Amino acid sequence: MLDLVDLGDPKVTGLGEFASYSFIPSSLSIIYLNYAKKTNKWILVLLFPLLSTLIEWVMIQIGYLKMKNWGFFIFSIISYLIVFSVILPVHVKVIKTNYTNSII
């Protein structure tokens, strides 16, 4: 198991951790995919990693997120850029392809 970050108290799992892991990333992804078009893709690819980085930075500043073996400026920003520019568009393309094939 990779021990990269702690949310809240590392000895207690709570509702805040559940919300941080489940709702924030999935909500940002759904909003991104609903607004992403070929004409505005790169604007959103820059905007959503910036928004994700801001959310993560605020969580660090208020003391809720503690980095252990993870470089915020190196790994987080690069990860967000890869997710929003490559992984999410491929993911939605696979879903659409499987959905249209299952209808036929």
Side-chain angles (χ1 to χ4, degrees):
M1 183 167 96
L2 299 174
D3 192 17
L4 301 175
V5 297
D6 282 332
L7 290 173
D9 185 0
K11 297 178 180 125
V12 178
T13 301
L15 188 58
E17 280 186 333
F18 176 72
S20 297
Y21 286 132
S22 343
F23 296 122
I24 296 171
S26 59
S27 298
L28 286 174
S29 299
I30 290 169
I31 293 168
Y32 170 80
L33 290 173
N34 280 323
Y35 285 103
K37 306 288 184 243
K38 290 186 182 202
T39 56
N40 66 351
K41 177 185 176 185
W42 292 107
I43 294 170
L44 294 178
V45 165
L46 295 175
L47 179 67
F48 275 83
L50 181 68
L51 180 62
S52 300
T53 304
L54 179 66
I55 291 169
E56 186 174 341
W57 181 78
V58 167
M59 289 172 64
I60 291 169
Q61 295 305 310
I62 62 173
Y64 186 69
L65 177 65
K66 294 166 191 74
M67 298 290 186
K68 294 173 80 174
N69 298 315
W70 184 261
F72 173 68
F73 287 108
I74 297 171
F75 298 127
S76 291
I77 295 171
I78 291 171
S79 298
Y80 292 138
L81 285 169
I82 291 171
V83 165
F84 286 106
S85 65
V86 178
I87 295 175
L88 285 176
V90 169
H91 182 73
V92 78
K93 194 177 291 187
V94 168
I95 289 173
K96 285 180 180 180
T97 303
N98 289 336
Y99 178 72
T100 56
N101 289 341
S102 66
I103 291 176
I104 298 175

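What you see is a predicted model; the values in this text were computed from it and never measured.
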Could you grab the distance from atom CD1 of Ile82 to atom CZ of Phe75, nearest 0.5 Å is fine?
11.0 Å
With a 4.5 Å cut-off on side-chain heavy atoms, are Val83 and Phe48 touching?
no
Within one Ile-Leu-Val-Met-Phe-Trp-Tyr cluster: Ile43 and Tyr35, side-chain cutoff 4.5 Å:
no
Should Ile62 and Leu54 be counted in the same cluster of Ile, Leu, Val, Met, Phe, Trp and Tyr side chains packed under 4.5 Å apart?
yes
So how far is it from Leu44 CG to Leu88 CG, rounded to the nearest 0.5 Å?
11.5 Å
Nearest 0.5 angstrom please: Tyr80 OH to Leu50 CG, how far?
11.5 Å
I'd like to know if Ile31 and Trp42 are part of one continuous hydrophobic network [Ile/Leu/Val/Met/Phe/Trp/Tyr, side-chain heavy atoms within less than 4.5 Å].
yes
When rounded to the nearest 0.5 angstrom, what is the spacing between CD1 in Ile55 and CD1 in Ile60?
12.5 Å
Check the hydrophobic clustering (I, L, V, M, F, W, Y; side-chain heavy atoms under 4.5 Å; chains of links allowed) and say if Leu81 and Ile87 are grouped together.
yes
Backbone N/O of Phe84 and side chain of Tyr32: donor-acceptor pair under 3.5 Å
yes
Please tell me whether Leu47 and Ile24 are part of a single hydrophobic cluster in this structure, the criterion being side-chain heavy atoms less than 4.5 Å apart.
yes
Please identify which of these residues, Asn34, Leu28, Leu33, meets the side chain to side chain contact (heavy atoms under 4.5 Å, CB included) condition with Ile30.
Asn34
What closest approach, in Å, do Ser76 and Glu56 show between heavy atoms, and which atom pair accounts for it?
OG-OE2, 2.8 Å
